[in-house]
2 protein chains.
Amino acid sequence: MEQVEIFKALSNKTRLQLLEWLKDPEANFPEQKEYGYAHGVCVGQLQVKAGLTQSTISEYLSVLQRAGFVESTRVGQWTYYKRNEETFRILSQLITDSL
Amino acid sequence: MEQVEIFKALSNKTRLQLLEWLKDPEANFPEQKEYGYAHGVCVGQLQVKAGLTQSTISEYLSVLQRAGFVESTRVGQWTYYKRNEETFRILSQLITDSL
DNA sequence: AATTTATATCGGTTTTTCCCGATATGCCGA
DNA sequence: TCGGCATATCGGGAAAAACCGATATAAATT
């Protein structure tokens, strides 16, 4: 992934918001409590909270995934997304080291 | 400055290139040796090296300045730009702390 | 097999970004 | 004060991004 693509992924308010929400699924998505948070949060919950259409959120999650900020797990008919903290650490390091 | 604006400033190949060149003015802009590097590199040098028009580079430097990545100094008819390392440190910190 | 539910993908409209040429501004030397 | 040089700003065309609604796919339910 190109550096510039990484930053593009972060250049959108909604996408930043999704990443922030995913920092604390329990607090931000209590509706999902009965299903657990092991693999993160499913697309539908994120979509409702963001208030944009399903297609848009799906696309945004895909952008974040291509940049490495989230990973997805398919469970039955649901796709769960959770943060990949490693990528954030690497990015932080990249900024101090090579930017 | 909004977080998203910071990342937008970094979402362009040429702007990232400018920041990289400014890390080592002596190595990347030997033509400017006789004028010194105290205040960084002047717009014209950056423009020639980038191979885009003067207006584009001027605009890009302005974007980087608004985001805090560079600062400018006017000396006679020249405007010199240099990196503001503090901003990079803050951004790196922001990513580990709040992103 | 048919229906429902969750997500992904596709095609299109609007907004934003990229990058240009032309022009304005500001500083300098003749 | 004029002409020239460096930079900034302005207006615009082309490309990309931000969304949307419609449709496709895939799994679960009947």
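Note on naming: letters A, B, ... go to the chains in the order of the sequence lines (proteins, then strands), and numbering restarts at 1 for each one.
Checked against C:dC18, C:dT7, D:dA18, the side chain of A:Thr79 finds its nearest nucleotide in C:dT7. Nearest nucleotide to the A:Trp78 side chain, out of C:dT7, C:dC19, C:dC27: C:dT7. Considering only the side chain of A:Lys8, D:dA17 comes nearest among C:dA8, D:dA17, D:dC19.
Taking atom CG of B:Leu18 as the reference point, atom P of D:dT7 lies 13 Å away to the nearest angstrom. Here the P atom of nucleotide C:dT16 and the CG atom of A:Asn12 are 12 Å apart, to the nearest Å. Computed from coordinates, the B:Lys13 NZ to D:dA15 P distance equals 18 Å when rounded to whole Å. Atom-to-atom, CZ of B:Arg66 to P of D:dA8 comes out at 12 Å; the value is rounded to the nearest Å. The CD-P distance, from A:Gln77 to C:dA8, rounds to 13 Å in whole Å. Between B:Glu5 atom CD and C:dT16 atom P the separation is 11 Å, expressed in whole Å. Between the CD atom of A:Gln17 and the C1' atom of D:dA18 there is a distance of 17 Å, given to the nearest Å.
The residue from A:Gln65, A:Glu59, A:Arg66 that alone fulfils the side-chain hydrogen bond (donor to acceptor under 3.5 Å, both in side chains) condition with A:Ser62 is A:Arg66.
Both A:Leu61 and A:Trp21 are members of a single hydrophobic cluster when ILVMFWY side chains are connected at heavy-atom separations under 4.5 Å. Under the 4.5 Å side-chain contact rule for hydrophobic residues, A:Leu64 and A:Val48 do not share a cluster.
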Determine whether A:Ser92 and B:Ser92 satisfy the following criterion, side-chain hydrogen bond (donor to acceptor under 3.5 Å, both in side chains), listing intermediate values before the conclusion. CA-CA 5 Å; A:Ser92 173; B:Ser92 172; 2.9 Å; yes

Run the numbers on A:Ser11 and B:Ser11 for side-chain hydrogen bond (donor to acceptor under 3.5 Å, both in side chains), then give the verdict. CA-CA 7 Å; A:Ser11 295; B:Ser11 296; 2.6 Å; yes

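Donor-acceptor pairing under 3.5 Å is recorded for the side chains of A:Thr56 and A:Thr53.
Taking a cutoff of 4.0 Å between a charged side-chain nitrogen and a carboxylate oxygen, B:Arg89 and B:Glu86 qualify as a salt bridge.
Using a 4.0 Å heavy-atom cutoff across all strands shown, A:Tyr80 reaches no nucleic acid atom at all.
For DNA chain C, the neighbouring residues in residues 35-53 of chain A, judged by any heavy atom under 4.0 Å, are A:Cys42, A:Val43, A:Gly44. Scanning residues 54-64 of chain B for heavy-atom distances under 4.0 Å to DNA chain C yields B:Ser55, B:Thr56, B:Tyr60.
Taking 4.0 angstrom as the limit, B:Arg74 places none of its side-chain polar atoms (N or O) nearer than this to OP1 or OP2 of D:dA6.
Geometric assessment of A:Arg83 against the ring of A:Phe88 yields a positive cation-pi assignment under the 6.0 Å and 45° thresholds.
Both A:Gly76 and A:Thr14 lie close to DNA chain D; mapped to their nearest nucleotides by heavy-atom distance, the more 5′-ward contact belongs to A:Thr14.
Between atom CD1 of residue B:Ile6 and atom CE of residue B:Met1 there is a gap of 5.5 Å, rounded to the nearest 0.5 Å.
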